[in-house]
Amino acid sequence: MCRQFVPLLALVIVVTARAAPGQSTAEYQQHYQRLRQASAQLDAHFESVSRVRVVAGSVDTSRAGALVVYATPEFRARAHIATDSAWLMLTRVFGGKASLAGGNPLLLESSERHDSASLEGVVNGSLVELPAGTPVAQVTHGLVNVIGPVIYSHADVELTRWLPWIYGDTIIRLNLESLYEELATSPWSASRGCFGASLLACRRALGITPDDPATGWYDATDRRNYVAHMLVPPTTATRDCIRDGDDQACIASMNRAPGGAPEPPLGAQARQLLVALAINAGGAEAYDRLIDHAGEPMEARISAAAGMPIDTLVHRWRARILTVHPKTVAADARAAWAAVVWGVLLMVVALRSSRWR
Amino acid sequence: MFRAMLRAHWLWSRLFLLVSMLAAFAAPLLMARGFSARNQLGMFGWALDAQREYGFVYPLLAGAVGLILALTAWSADHRGKHIYALSLPIPRWNFVLLRFGAGAVLLALPVVGLWLGALVASATTVLPASLHAYPTILALRFGLAAFVAYALFFAVSAGSNRTAGVFLGTIAGLVVVQILLNTLELDVDILGPITAGLMLWPGPFEVFTGRWMLFDV
Amino acid sequence: MSNAVEIRDLHYQAGSFAIRDLALNVPNGCMYGFLGPNGAGKTTTIRLMLGLLRPLSGRISVLGGSIPQEAPRVLGRTGYVPEQPHLYSAFSIDEAMRYHAAFYRTWDWTWATELLGSFGLARSQRLGKLSKGEMGKLEMLLALAQRPELLVLDEPTDGLDPVVRRDVLTALLEFVSQQNATVFISSHLVHELERICDWVGVMDHGRLVAELPMHSFKNGIKRLHIASPPAEPGDTPFVLLSRERTNGDAEVWVVRGWQGPMSQYFDGVGATLRDVVDLDLEEGFVELLRTFRVPVQEE
C-alpha cells in the first residue's frame, strides 16, 4: 500500500518544490489548490479501499507490472496467476505502452454473486465479471480483453479509425475461416485482386495505401455498389450515383459516409490479423513503433512495426488466410466411411433382432 | 425375389419418393436463386450466408427420406403381424437383407433428384473464380446421410415392439433426467456428451454436420 | 416317411396359455381335420408346426425336415392359409400373385389363372377393397397355385358364406384329386370336416384329446339307452365316456369303440339295452370334450 502513495507523495513534493520563494500570491493559490486536490485524492483512495474491505470482506490485490487486479475471494488463487499471465500477454502485444494500464485497476468478481454488493461503484476501475469456476486461462483472457482496449484507446485517431479495436491476445481469437470466406466472396475489385495474388490489391483492400479512399481503394463499379448499400438517407448525389452511374456523385456520396470516409474494402478482422502478424514479427517494441510513427501512411507504420517491407508482411498475411480453407460440403473420406460402416452395423442389428433370428 | 421386394417397396412408398425427389431437385435451384439475384452486385458473401442459413434443409430432407423409407419397409408387415413374411420359404435373415437392400436402392431416387437439381443450378449460375460448385459431392453426402438414417430406423422398425419401446424409452428417459437435473440446478450435462458422441467422429451422424452448401469457397 | 407331420413332446408357453406334451401325427396323403373349440391352441400348434413360433422343447418334423432348423426348405413345399388374412392390402391381385410367385419355384401360373377365373376374381382388384369371401378365395388361390406337397389351412372357411365355402372346398378337393398332397385343415366347423377329412385330431386347452381315423371317430361313438343299469359298470368292452340318469331307473350312456356284439355285456350285468343311437361328428365331438373336461361321475 505504501507504493500506491509514492506517486502522490512525489506529486506533492514536486508541487511544493515548485512553490519556491519569490512567487506571486496567485501562484501560491494555484499550488495550494493542487495540494488540496492531491489531499482529496488521498482521502478518497483511503475511503474507497476501506469501503472495498467492508463490502467484499477480504479483497485480494494482484499486481504485475502496471496491471492491478482486485479480486473477490472466489478468485483468490487464480487471480494472481492470471494477472501475471495477462501482463505477459499485454507486454507482448503493446510493448512499453502496456504501462498505460496503470491507473486503471481491474475489478474481478463473480457473475453469479447473489447477496454481496459489487465492487463497481465502490472502487474506480473496470469490472471483469466471470463465473466463479472460470479456469485460469479464461480469467487471463478476460482481464486482457478488458484492459487491452483501455491501453489501445491511447492510440492516435487515425489508427483507431482504421482499426477500431485490437485483441490483447493477438491471433487466437480470429476466425481465419471466415476471413478466407470474406476474401473469396468480397465484391470489391481490390479484394478480388487480392485473392488473385496481387499484393498491391491486397494493400488497397486493407486500406493501408495512402490513396484517396474512394478512388484509390474502389473502382467505378465498386463505388456505385458501395453507395447503393450505404445506410444513409437518399440525397441527390446518391440518386445520381445509383440511378445514373455518375461517378463524381458516387465519390461525393462516399466521402460523406459516416465517419467522413469510406471503410476499407476488407473488414476489421482482416486488418486485425495484419496488425497481429506485424506485432508478432516485430518483437517487443513493435507496437511502440506503430504508435511512434503516427502521421505517416498506414502501410509505413505497419511496416515499421513489423520490421520488414510491407509487401513481405502482406504476402504473409494473405498466405496465412489462404491456408485455412474452410471445410466445404466435400465430406472428408473419414465421415463417408463412418456413414457406410454405421449403416452396415445397423443393418446387422436388424438381422439380429429377436423376431428375425 | 429381390425384384419382388423392390417392386413391393416401390408400391408402398412411391408417392413419398416422388415428392421427395421433387423436393430434392428443387432445393438447390432455390438456393441458387440467391446467387443469381445478387450476381449483379457481386454480393456473394450474402449469398453464401443465406445458403449457410438454409443449408439445414439438405440433412433434414435426408433424415426424412431415410425415416419414411424405413417405416414403409415394415408397415405392411406390422399390420399383418409378420405372418406373411415369416411363412415365406427363405431364411429370416435373408428376408431382412432383401428388405433392407430394396429400400437402400430406392434411396437412390431422391439422391438422383438432388444431383440433377444441383447440376442444373451449377450450370445456370455464374460464380466468381473464388467460388466453386459441388453438385456431385453434395448429392453423395446427401445419399450417405439418408443411408445412415434409413439404416437406423430400419433397425428399430425391424425389431419387436419391446425393442422399439426400449429404444424410444431410453431417449425419452435421458431427456427427462436432463430436464430434472436442470430444474434442480445441478450442473450435470448428460445429453451434451451423448450428442457429441453421436454427431462427431466416429459417431454415426457426423455426416449430417458441416457445411451443406452447393456453392462454396 | 409315413407321416407328413410328426410332433413329439412339444412344450410351448405364452402368458397363461400352455401346450404340454403334444404329440401329433399326420399321415402322408391324408386329409387331417384338426378340431377344437376356440382358444384350444389350434392356430398356435399350426404356427409352431410351420416354424412361425419357437417351442420351449420338443421335436417337430414336417415333410421330413426339422422345424425350425429347416423351415425355409419345408415352407417352399408347404401352402399355408392363415386364420387372419395376411397379405399386403396395397397390392392388387396381380401384384400379390407376382410377389408370391417370386418365392415359390413350383408356382403354376396356368392353374393360378384358372383358379382366378373359377373364383371370379379380377387381377386389377385391390386387396384392401376385397370382401372377406374374395380374400378367402385369394388366400386359397395363392396356397394352391404353389402346388404344395402339404397344405395347411387354418379355419379357411370361417366367416364365409355357403357359396364361397363351397367354391373353396371344391378347389381344395380338386387339388387333392390332382396330386397326392397332404392337407391339414383346422376348424371348429365340425360338420364341414366330417365330409372331407379322413383323419381327425381333437385339441382342447393345449392338449390333444383324441387322434384317430374319421370313420372310427364317427362310428365308434354311440349313445346307449339302458334300462336297469348296473351301479358299477365294471370292466366294459367299450370306453364309457359318460352316463346320465333319465327317468325311473333308465340311463343314457355315451360310449366309444362300440361294436354290435358288445350288447352281450348288458346281459351279464342284468341290464337291458333298449336302443343304440349313432352320433354325428359334432355330437361326438361335444361328448368327447365334455368327457375330457369333466371326469365320468357316478350317480
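Just so it is clear: chains get the letters A, B, ... in the order the sequence lines come, proteins before strands, and each one is counted from 1. Computed over heavy atoms, backbone and side chain alike; hydrogens, waters and symmetry mates excluded.
- In the displayed structure, B:Trp12 atom CH2 is contacted under 6.0 Å by more than 12 heavy atoms of other residues, nucleotides or ligands.
- The environment of CZ in B:Arg3 is sparse: at most 12 heavy-atom neighbours from other residues, nucleotides or ligands sit within 6.0 Å.
- The CG atom of B:Asp49 lies 10.0 Å from the OG atom of A:Ser178; values are rounded to the nearest 0.5 Å.
- Both the backbone and the side chain of A:Val340 come within contact range of chain B, with heavy atoms under 4.5 Å apart.
- Neither the backbone nor the side chain of B:Leu214 comes within contact range of chain A; no heavy atoms are under 4.5 Å apart.
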For this session: Kindly indicate, with the supporting measurements, whether the criterion side chain to side chain contact (heavy atoms under 4.5 Å, CB included) is fulfilled by A:Tyr180 and B:Val217.
Result: CA-CA 8 Å; A:Tyr180 186 109; B:Val217 291; 3.6 Å; yes
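- With a threshold of 4.5 angstrom between heavy atoms, B:Phe95 approaches chain A through side-chain atoms but not through N, CA, C or O.
- For a residue to count as touching a neighbouring chain, one of its non-hydrogen atoms must lie under 4.5 Å from one of that chain's; by this rule B:Pro204 touches chain A with backbone and side chain alike.
- Listed by sequence position, B:Ser130, B:Leu131, B:Tyr134 are the residues of residues 129-136 of chain B in contact with chain A, using a 4.5 angstrom heavy-atom cutoff.
- Residue with the most contacts toward chain A among B:Asn94, B:Leu97, B:Thr163, B:Val156: B:Leu97 (heavy-atom pairs, distance under 4.5 Å).
- Considering only heavy atoms from C-beta on, B:Met213 stays 4.5 Å or farther from A:Thr328 through its side chain.
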Problem set entry | side chain to side chain contact (heavy atoms under 4.5 Å, CB included) between B:Phe154 and A:Met347, intermediate numbers included | CA-CA 8 Å; B:Phe154 184 92; A:Met347 181 194 70; 5.7 Å; no
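- A pairwise comparison of heavy atoms in B:Arg211 and A:Pro326 identifies NH1-CB, 3.7 Å as the closest pair.
- Comparing B:Phe100, B:Trp201, B:Trp93, B:Phe147 by heavy-atom pairs within less than 4.5 Å of chain A, the highest count is held by B:Trp201.
- Counting heavy atoms of neighbouring residues, nucleotides and ligands inside a 6.0 Å radius, atom CZ of A:Arg239 exceeds 12 of them.
- For A:Ala338 against B:Gly203, the heavy-atom pair with the smallest separation is CB-O, 4.4 Å.
- Of the possible polar contacts, one joining the A:Trp342 side chain to the B:Pro202 backbone as a donor-acceptor pair under 3.5 Å is found.
- The shortest non-hydrogen separation linking A:Leu346 to B:Ala155 is O-CB, 3.5 Å.
- By the 6.0 Å contact criterion, CH2 on A:Trp337 is open, its count of non-hydrogen atoms from other residues, nucleotides or ligands being 12 or less.
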